[in-house]
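Comments concern the structure below.
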Amino acid sequence: MKKVKINQIAGYAPAYTVSNDDLSQIMDTSDEWISTRTGIRKRRISLNENTSVLCTKVAQQLIDKAQISVDEIGLIIVATMSPDACTPSTAALVQGQIKAPNAVAFDISAACSGFIYGMEIAQKMMRMSDFKYAIVIGGEVLSKEVDWTDRTSAVLFGDGAAGALLEANDNVEAFAGTDLKTFGDLGDQLVAGETNPIGGFPPAKFTTFHPFKMDGRAVYKFATTEVPNSIERVCDHNHVSLDDVDYFILHQANIRIIKSIAKKLNQPLTKFPNNMERYGNTSAASVPLLLAEMNENGELHAGQTIVLSGFGGGLTIGSQIIKL
């Protein structure tokens with residue numbers, strides 16, 4: 001069976017920055033209140049670029065870095081909980097913008113676990129097809145789904161996109177194991193973009209759309225309990241020692257969650273890089289955005305073992321071991 005490697009990693013975030021002090025001008029909050037509870041000090045906000053625009057910029061970066069023809073791309077997956085529309089998919093819009101005529105394109109919805117779910121789908125599809133290259137992107141414009149009067153949720157989120165170009169080959173294998181789990185009975189703990197039918201026929205108006213809502217304490221308990229379990233499962237099942245992992249790249253939701261997970265895994269915090277201070281919680285984009293930033297900084301190199309773990313809406317968890 002053919003092997004799949006990571007050829008390139010790239011990320012993009014809108015230029016406009018909103019600090020905690022900026023938020024304190026429009027709601028009852030402060031830099032100290034936000035930063036001490038979350039580790040977040042600022043976030044990027046899109047002023048006029050929708051999710052497909054951010055994702056297209058990432059896709060173009062991946063193509064330019066790899067110096068490949070768009071005709072060679074067989075698959076595009078976008079993980080997002082903030083698509084441009086219900087249809088067409090964000091991935092289809094990206095496919096159209098980069099003009100990749102041979103690429104199958106679709107979105108997946110797994111919230112903050114989405115990038116890991118997308119990587120798992122892509123690498124398995126590549127092994128069973130003639131796809132030479134696949135693009136997997138996590139992209140979000142969460143600012144359009146947030147209630148900017150709700151300080152319990154609005155302070156957390158930011159916009160951005162990042163992703164990976166996967167390449168089918170005969171020699172190098174990147175994927176060493178994946179653990180995916182869904183807790184649908186807990187889904188009401190984190191909801192965004194909920195819609196409800198109006199009732200009656202013909203309807204008097206469009207279906208209602210509800211902004212982001214979250215039970216912060218419940219999600220915190222879920223993450224600090226189930227994420228360590230998922231990471232231990234994927235490592236145990238694939239005979240990888242936690243001590244041999246170079247980095248644990250976790251969803252950038254909250255610095256206290258990351259510290260708790262590091263402690264439960266009995267691993268040094270230095271193995272858990274973070275960038276939520278500068279970007280906030282970017283949901284499906286957060287894991288690849290951190291990967292892209294580390295790659296640009298020269299922190300990633302061949303031979304490393306990295307565990308990716310996303311967790312959030314669904315509720316979902318996805319942990320994946322990759323070899324660089």
Side-chain angles (χ1 to χ4, degrees), residues 1-10 55 58-59 62-63 66 68 70-81 83 89-92 94-95 100 102-139 161-184 227 230-231 233-240 245 249 251 283-285 287-288 291 304-324:
M1 186 178 288
K2 70 178 71 172
K3 298 180 179 181
V4 179
K5 70 177 183 179
I6 298 174
N7 182 297
Q8 299 291 334
I9 304 168
C55 293
V58 171
L62 294 170
I63 293 164
I68 62 171
V70 291
D71 294 350
E72 299 179 274
I73 300 169
L75 176 65
I76 300 171
I77 298 176
V78 171
T80 184
M81 58 183 279
S89 69
T90 306
V94 172
Q95 186 253 12
N102 301 315
V104 175
F106 57 89
D107 289 356
I108 63 167
S109 177
C112 311
S113 307
F115 180 71
I116 288 88
Y117 277 56
M119 292 276 274
E120 181 70 358
I121 293 167
Q123 60 103 352
K124 287 187 172 174
M125 288 184 68
M126 292 178 80
R127 297 182 201 281
M128 304 302 294
S129 70
D130 60 355
F131 298 154
K132 174 65 173 174
Y133 295 101
I135 290 175
V136 182
I137 298 172
L165 176 70
L166 306 184
E167 178 184 351
N169 71 106
D170 296 323
N171 301 311
V172 180
E173 178 57 60
F175 296 89
T178 304
D179 178 81
L180 305 178
K181 194 164 184 179
T182 302
F183 303 78
V227 174
S230 176
I231 292 173
R233 274 196 307 270
V234 73
C235 288
D236 287 346
H237 290 173
N238 295 283
H239 309 293
V240 173
V245 175
I249 309 297
H251 167 49
S283 189
V287 167
L291 271 176
Q304 289 177 326
T305 298
I306 297 176
V307 172
L308 312 178
S309 189
F311 48 91
L315 297 177
T316 59
I317 289 179
S319 298
Q320 189 169 64
I321 304 170
I322 59 173
K323 305 276 190 175
L324 296 184

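Side chains are part of it too, since the values below use all heavy atoms of this structure and drop only hydrogens, waters and symmetry mates. In this text the structure is predicted, and so the values were computed from the model without any measurement.
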Under the side-chain hydrogen bond (donor to acceptor under 3.5 Å, both in side chains) rule, collect the residues that match up with E72, sequence neighbours excluded.
-> none
Nearest atoms (heavy-atom pairs only) where I116 meets G310 = CD1-N, 3.6 Å
Residues forming a side chain to side chain contact (heavy atoms under 4.5 Å, CB included) with N102, sequence neighbours excluded | D71
Considering all heavy atoms, the nearest F131-K2 contact | O-NZ, 4.2 Å
M119 and L166, any side-chain heavy atoms less than 4.5 Å apart | yes
Given side-chain contact (heavy atoms from CB on, under 4.5 Å), test I322 with F175 step by step and report yes or no.
-> CA-CA 5 Å; I322 59 173; F175 296 89; 4.2 Å; yes
Using the side-chain contact (heavy atoms from CB on, under 4.5 Å) rule, pick out the option among V136, T182, I77 that qualifies with Y117.
-> T182
Distance (rounded to the nearest 0.5 Å) between I321 CD1 and N238 CG | 4.5 Å
Hey, could you give me the NZ/CD distance between K323 and Q304, rounded to the nearest 0.5 Å?
-> 11.0 Å
Taking all non-hydrogen atoms of both residues into account, name the closest pair between G312 and S113 and its distance.
-> N-OG, 3.9 Å
For G163 and P288, work out which heavy atoms get closest and say how close.
-> N-CB, 3.9 Å
Got a donor-acceptor contact below 3.5 angstrom from the D107 side chain to the T90 backbone?
-> yes
Go through the structure and list residues passing salt bridge (Lys or Arg N to Asp or Glu O under 4.0 Å) with D179, not counting sequence neighbours.
-> R233
Can you find a heavy atom in the side chain of F115 that is under 4.5 Å from one in the side chain of L308?
-> yes
Applying side-chain hydrogen bond (donor to acceptor under 3.5 Å, both in side chains), name anything that partners S109, two or more places apart in sequence or on another chain.
-> none
How long is the gap from CG on L315 to SG on C112, to the nearest 0.5 Å?
-> 9.5 Å
Working to the nearest 0.5 Å, report the span between CG of L324 and OG1 of T305.
-> 8.0 Å
Roughly how far, to the nearest 0.5 Å, is the CG atom of D170 from the NZ atom of K3?
-> 8.5 Å
Take E173 and K5, measure what salt bridge (charged side-chain N to carboxylate O under 4.0 Å, His left out) needs, and give me the verdict at the end.
-> CA-CA 5 Å; E173 178 57 60; K5 70 177 183 179; over 6 Å; no
Would Y133 and I135 satisfy side-chain contact (heavy atoms from CB on, under 4.5 Å), going step by step from the backbone distance to the final call?
-> CA-CA 7 Å; Y133 295 101; I135 290 175; over 6 Å; no
When rounded to the nearest 0.5 angstrom, what is the spacing between CG in L165 and CD1 in I137?
-> 10.0 Å
Not counting sequence neighbours, which residues clear side-chain hydrogen bond (donor to acceptor under 3.5 Å, both in side chains) with S319? List them please.
-> S230, S309
For N7 and A66, which heavy atoms make the closest approach, and how far apart are they?
-> OD1-CB, 3.5 Å
Answer yes or no: is there a side-chain heavy-atom contact under 4.5 Å between Q320 and V234?
-> no
Without swapping roles, check the side chain of Q95 against the backbone of A100 for a donor-acceptor pair under 3.5 Å.
-> yes
Check: I73 and I63 side chains under 4.5 Å, non-hydrogen atoms = yes
For the pair N169 (side chain) and N171 (backbone), establish whether a donor and an acceptor sit closer than 3.5 Å, ignoring hydrogens and angles.
-> yes
Do you know the tightest heavy-atom contact between A161 and C55?
-> CB-N, 4.1 Å
Applying salt bridge (Lys or Arg N to Asp or Glu O under 4.0 Å) to K124 and not counting sequence neighbours gives E120
